[in-house]
Amino acid sequence: MSAVPRLSWILCCLAIVCGPQRTSQHSLPTDPTYNAGVVEFIPGQGKGRSKVNEALPRMKAIIESEATSNLDILIFPEFVLNDYTFRTYVPDPALRISPCEVPNYDWFLTELSCAARSRQLYVVVNLMEKVFCANDTTIVGRCDASGLNTYNTNVVFDRQGHVISRYRKSHLYRYEWYNVNVLPKPELATFTTDFGVTFGHFICFDMLYWEPAKVLLHERGITDIIYPTYWFSELPFLTAVQLQEGWAFANDVNLLAADASKPSGQNGGSGIYAGQLGRLNATITEVPTTQLLTAAVPKRAFRQSYQPAPVIQPAFVPQIVTPRLTKFDLLRDYNIDIATTLLLPANFTYVNETVCYDSNFCCHFQAARTPVANSAGYVSYRYRLAAFSGQHATHQRVDPAELQFCAVFACTNEALYTCGLIFPAEITVGNQYYFSALNVSASFPQRPRRLIMPTTVDGSLMPLPVHTYDWQSSERNVTTTVSLSLSYPKHDILTFGLWCNYYTDLVSSHNFDPLLPPAEGMNSSASRLASAWILSTSLLLTALRQL
């Protein structure tokens, strides 16, 4: 045997004995940061087995790519892998089963388990899970006639491919109610990693509710959240990155958010956020995109000594035309139609106004604008000031909500119904003015269940960076006074304000027997009685759920 073949044979044997070796170093508990990745991912095409067969190779290619070689944890979005027609069982995390070693589960779960083990990564995926329910006493009569329930489920693999955590979505969105079950009480799903961080996780619409999202923070002390989502973006307050960054800022927690990318369906926008330090990496695009976002995330235990990279803010230069997303389909928040609003003049340069909702909640606004030279011939947005407080609101027409908000938001003309809309691509929009100063402030009643967050977004559907505004909050008797102030000039603002969620006690009744709607032709008195009956039923369901 010649020297060269002999060397090749020896190297081959070493490869077989030793296996693939990672050259990267896992983060240690003593490290001030860990390395995270979230994937903005185009959903699998087709249905059933075809969807899995199309999406799985792309997911594995990302997991096994060199781009993940230095990562500790990787997150994929909601509902991009399988659907209701091609579900899988998921092992109980308490058993610490690795489907790669015990291949009794669907092939795609086994493949993902093996990929996580191969790359020695914590991997989080979302999938449609099937569960035997016929003999499950925790279901409380909510077992499908087939004997199998379906859940929208997060699955966490550790570095060896074991399933170490599982979470079943609590707050379903739109048509999910036709196909997906929910547990009687939301789960609190957590897991602890070998790099010294304990994560909590939930899914998409759960972010707007007290359980499990806020309970994880308040009762479990979780400071790092994993968030697979298939978010439906809505102006003026709830576009994807806008909500993610605002929620992470208000709670001052690390958030790893992976969103599906389908801009024509209102979906897209992922990011990694370090609480009030702002976003470390985020994206939202108007064309379907698969993209891995990575960042070194500061651990809360080392926050005092963590030194973020300095931000060098360039000198502001007014621009007539700035980038904007026009191919991204957007929902509109109909809650603003019942707010108290004040239309500002098209040519305003200074505003000092107070807008009150029902005289018991007032918002204070100060704004200054400077004209942009040579912009007079362009179409531009109009602005309204808005104040709202009440329980007669909804989260995207899906569930009841109790909200308060103060905001400056853009409209395409003077009519209120155009607020929350954007100009289409064929219209060239110009910045006739830029905001040189902008402040929004209000006093919010104190309650145990409440979250006040900054809500900002510009024409590119990205929130304003945290270093371009000041946030002040002070407690006074039974109220919290909050002020949001622009600290750097800005054009193309679509929203700037304060959004407060009081987490209504009313729970959704979607998964119960349907309530009878008022009959056609019912008089107003009967209609009021029916509405009162529906409300009382919802309250009863809330009480039963809390037992």
Side-chain angles (χ1 to χ4, degrees), residues 38-39 41 43-44 48 51-52 55-56 59 73-99 104-113 115-116 122-133 136 138-139 142-144 146-158 161-191 199-207 209 211-213 216 225-231 256-260 510-511:
V38 300
V39 185
F41 192 82
K51 181 175 181 177
V52 173
L56 181 63
M59 294 177 74
I73 189 165
L74 179 67
I75 296 94
F76 286 92
E78 177 191 21
F79 204 61
V80 296
L81 176 58
N82 67 333
D83 60 25
Y84 319 115
T85 67
F86 199 73
R87 303 164 294 171
T88 182
Y89 296 110
V90 175
D92 186 337
L95 301 176
R96 295 189 67 83
I97 290 174
S98 170
N104 295 333
Y105 303 90
D106 199 281
W107 179 71
F108 65 84
L109 195 70
T110 298
E111 288 288 295
L112 290 169
S113 170
Y122 288 89
V123 176
V124 183
V125 299
N126 175 272
L127 48 78
M128 295 297 113
E129 177 195 15
K130 59 184 175 183
V131 178
F132 282 121
C133 57
D136 190 342
T138 66
I139 299 300
R142 299 189 205 175
C143 184
D144 188 82
S146 68
L148 290 172
N149 275 355
T150 300
Y151 295 100
N152 180 335
T153 301
N154 285 345
V155 178
V156 182
F157 300 101
D158 69 7
H162 301 106
V163 173
I164 60 168
S165 187
R166 177 183 64 193
Y167 168 74
R168 294 161 179 165
K169 189 175 181 180
S170 304
H171 300 280
L172 304 182
Y173 187 77
R174 289 184 178 175
Y175 301 118
E176 278 192 288
W177 290 106
Y178 290 99
N179 303 290
V180 180
N181 299 87
V182 294
L183 297 172
K185 184 173 178 59
E187 294 178 310
L188 298 180
T190 64
F191 63 96
F199 289 92
H201 57 116
F202 50 83
I203 302 167
C204 200
F205 212 39
D206 289 330
M207 180 171 274
Y209 300 84
E211 292 186 282
L216 282 169
I225 294 293
I226 286 168
Y227 181 59
T229 184
Y230 198 101
W231 189 258
L256 315 182
D259 198 357
H510 295 291
N511 226 27

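All values derive from a computational prediction rather than experimental measurement.
Taking all atoms of both residues into account, the shortest heavy-atom contact from Ile73 to Phe191 is CD1-CZ, 4.0 Å. Contact detail for Val180 and Asn152: the closest heavy-atom pair is CG1-N, 3.7 Å. Across all their heavy atoms, Pro228 and Phe76 have their closest contact at CB-O, 3.4 Å. Across every non-hydrogen atom of Leu109 and Val90, the tightest pair is CD2-CA, 4.4 Å.
Legend: residues meeting side chain to side chain contact (heavy atoms under 4.5 Å, CB included) with Glu111, ordered by chain and number and at least two apart, are Leu56, Lys60, Trp107. Every residue two or more places apart in sequence or in another chain that forms a side chain to side chain contact (heavy atoms under 4.5 Å, CB included) with Ala213 is listed here: Phe202, Trp247. Legend: residues meeting side chain to side chain donor-acceptor pair (under 3.5 Å) with Arg174, ordered by chain and number and at least two apart, are absent. For Glu129, the salt bridge (charged side-chain N to carboxylate O under 4.0 Å, His left out) criterion is met by Arg166, Arg168, not counting sequence neighbours. With sequence neighbours left out, Asn179 forms a side chain to side chain donor-acceptor pair (under 3.5 Å) with no residue at all. Contacts of Glu187 classified as side chain to side chain donor-acceptor pair (under 3.5 Å), with partners at least two apart in sequence or in another chain: none. For Phe86, there are no ring pair (Phe, Tyr, Trp, His ring centres under 6.0 Å) partners two or more places apart in sequence or in a different chain. In terms of the side chain to side chain donor-acceptor pair (under 3.5 Å) criterion, residue partners of Asp206 (sequence neighbours excluded) are, by chain and number, Tyr167. Scored by the salt bridge (charged side-chain N to carboxylate O under 4.0 Å, His left out) test, Arg87 finds no partners at all (sequence neighbours excluded). Shown here are the ring pair (Phe, Tyr, Trp, His ring centres under 6.0 Å) partners of Phe108, two or more places apart in sequence or in another chain: there are none. In this structure, the side chain to side chain contact (heavy atoms under 4.5 Å, CB included) partners of Thr110, at least two apart in sequence or on a different chain, are Pro99, Pro103, Cys114. Scored by the ring pair (Phe, Tyr, Trp, His ring centres under 6.0 Å) test, Phe157 finds no partners at all (sequence neighbours excluded).
Leu74 pairs in a side-chain contact (heavy atoms from CB on, under 4.5 Å) with only one of the listed residues (Val39, Val124, Leu256), which is Val39.
One finds the CG atom of Asn181 at 8.5 Å from the CG atom of Leu172 (value rounded to the nearest 0.5 Å). The distance from atom NZ of Lys130 to atom CG of Asp106, rounded to the nearest 0.5 Å, is 7.0 Å. Here the straight-line distance linking atom CG of Asp83 with atom CG of Leu127 works out to 11.5 Å at 0.5 Å rounding. With rounding to the nearest 0.5 angstrom, the CG atom of Asn149 is 9.0 Å from the CG atom of Leu183.
Between Phe205 and Tyr173, the angle of the ring planes goes over 60°, which puts this pair in the perpendicular group of the 30/60° scheme.
The backbone N or O of Gly147 sits nowhere less than 3.5 Å from a side-chain atom of Asp144 that would complete a donor-acceptor pair. Within the 3.5 Å criterion, the main-chain N or O of Cys204 finds no donor-acceptor partner in the side chain of His171.
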